[in-house]
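Residue numbers run from 1 in the order of the sequence given. For ligands, and for the atoms within them, numbers begin at 1 and follow the listed sequence.
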Amino acid sequence: MIDKEIEKALNDQINAEFYSSYLYLSMAAYFESVDLVGCAQWMKAQTQEELVHAMKMYGFVAGRGGRVRLEAIKGPKKDWSSALNVFEDGLKHEQDVTGRIGSLVELALSKKDHATNIFLQWFVTEQVEEEASFNAVIQRLKLAGATPGGLFMIDRELGGRVFQAASPAEQDAAKQA
Ligand code: FEO
């Protein structure tokens with residue numbers, strides 16, 4: 001049976017992952033409105049990734065005999081001033097999520113809940129990737145995005161992102177199995 005405080009903290013994180021998904025869908029909608037369809041595609045893939053995160057946590061809580069309780073998801077921001085502004089907000093958001101995951105790990109350790117600690121390690125690794133992927137786009141936008149041609153080129157590249165249910169590390173592990 002899962003500790004009640006941990007169950008509550010994981011439920012809060014399920015809500016936070018759904019919020020992340022909602023936020024990135026709002027960013028996608030902004031990009032559609034300014035005709036940056038590649039950026040919109042990138043954000044829609046990110047939206048789906050966040051749903052996977054939420055469902056991974058849902059499965060863990062339910063699988064350990066805990067109770068998943070869904071709460072209202074707050075409304076996300078709707079407007080931004082530029083593509084760079086969107087991705088900088090996204091990075092800030094991911095940094096907040098990294099902090100939340102760190103607090104969850106600390107809680108699991110303080111309760112000597114090794115199963116939750118091990119489960120959360122996937123999210124610790126994932127957050128490194130999440131921050132890096134936002135950071136990479138920010139660097140590209142800073143270098144080339146200031147010119148209309150540069151922004152168009154980056155938009156086309158970002159449109160190539162396809163949602164993958166498994167992380168690159170998980171895909172490598174699956175290939176080797
Ligand atoms: Fe679920 Fe982007 O972290």
Side-chain angles (χ1 to χ4, degrees), residues 2 6-31 36 38-64 66 68-78 80 83-108 113 115-141 154 157-173:
I2 195 163
I6 290 182
E7 179 187 75
K8 168 80 175 72
L10 290 174
N11 268 300
D12 286 348
Q13 190 57 31
I14 290 170
N15 185 275
E17 298 291 347
F18 279 120
Y19 172 74
S20 296
S21 180
Y22 213 31
L23 174 65
Y24 294 135
L25 192 58
S26 185
M27 289 177 173
Y30 162 79
F31 281 130
L36 289 171
C39 291
Q41 165 62 26
W42 196 98
M43 282 300 170
K44 282 190 265 189
Q46 189 64 30
T47 296
Q48 287 176 287
E49 218 171 79
E50 299 301 345
L51 291 177
V52 170
H53 296 174
M55 292 310 295
K56 229 178 172 69
M57 243 169 227
Y58 175 113
F60 180 75
V61 173
R64 288 192 70 201
V68 172
R69 292 184 192 278
L70 301 178
E71 301 293 344
I73 301 163
K74 71 175 175 180
K77 185 173 168 178
K78 299 175 189 71
W80 287 268
L84 180 60
N85 181 224
V86 176
F87 280 94
E88 283 178 337
D89 256 16
L91 176 60
K92 238 182 277 160
H93 179 69
E94 287 302 332
Q95 288 165 338
D96 285 350
V97 174
T98 300
R100 294 180 63 103
I101 298 292
S103 301
L104 281 169
V105 170
E106 281 162 28
L107 178 64
D113 182 344
T116 298
N117 176 37
I118 289 168
F119 168 72
L120 288 170
Q121 296 312 304
W122 182 90
F123 286 87
V124 172
T125 306
E126 177 72 2
Q127 281 312 118
V128 175
E129 278 181 28
E130 292 280 79
E131 288 190 30
S133 67
F134 275 91
N135 222 343
V137 178
I138 288 169
Q139 295 319 315
R140 299 238 291 290
L141 284 170
I154 293 169
E157 276 173 33
L158 295 188
R161 178 176 179 185
V162 178
F163 167 67
Q164 289 167 330
S167 70
E170 287 172 321
Q171 287 169 38
D172 286 349

Trainee: With heavy-atom distances below 4.5 Å as the criterion, would you say the side chains of I14 and H53 are in contact?
Mentor: no
Trainee: Strictly below 4.0 Å, N to O, side chains only: are D113 and R64 in salt-bridge contact?
Mentor: yes
Trainee: For N/O/S atoms only: which one belongs to H53 and is nearest atom 1 (Fe) of ligand 1?
Mentor: ND1
Trainee: Of all N/O/S atoms in E17, which lies nearest to atom 1 (Fe) of ligand 1?
Mentor: OE1
Trainee: Considering only heavy atoms from C-beta outward, does the side chain of Q95 approach that of Q127 to under 4.5 Å?
Mentor: no
Trainee: Hey, what's the ring geometry for Y24 with H93, parallel, tilted or perpendicular (30° and 60° as the breaks)?
Mentor: perpendicular
Trainee: Could you walk me through whether D12 and K8 pass salt bridge (charged side-chain N to carboxylate O under 4.0 Å, His left out), step by step?
Mentor: CA-CA 6 Å; D12 286 348; K8 168 80 175 72; 2.9 Å; yes
Trainee: Suppose we only count N/O/S atoms under 2.8 Å; would E126 qualify as near atom 1 (Fe) of ligand 1?
Mentor: no
Trainee: Among the N, O or S atoms that E94 has, which is closest to atom 2 (Fe) of ligand 1?
Mentor: OE2
Trainee: Quick one: the OE2 of E130, atom 2 (Fe) of ligand 1, OE2 of E50 angle, rounded to 10°, please.
Mentor: 90°
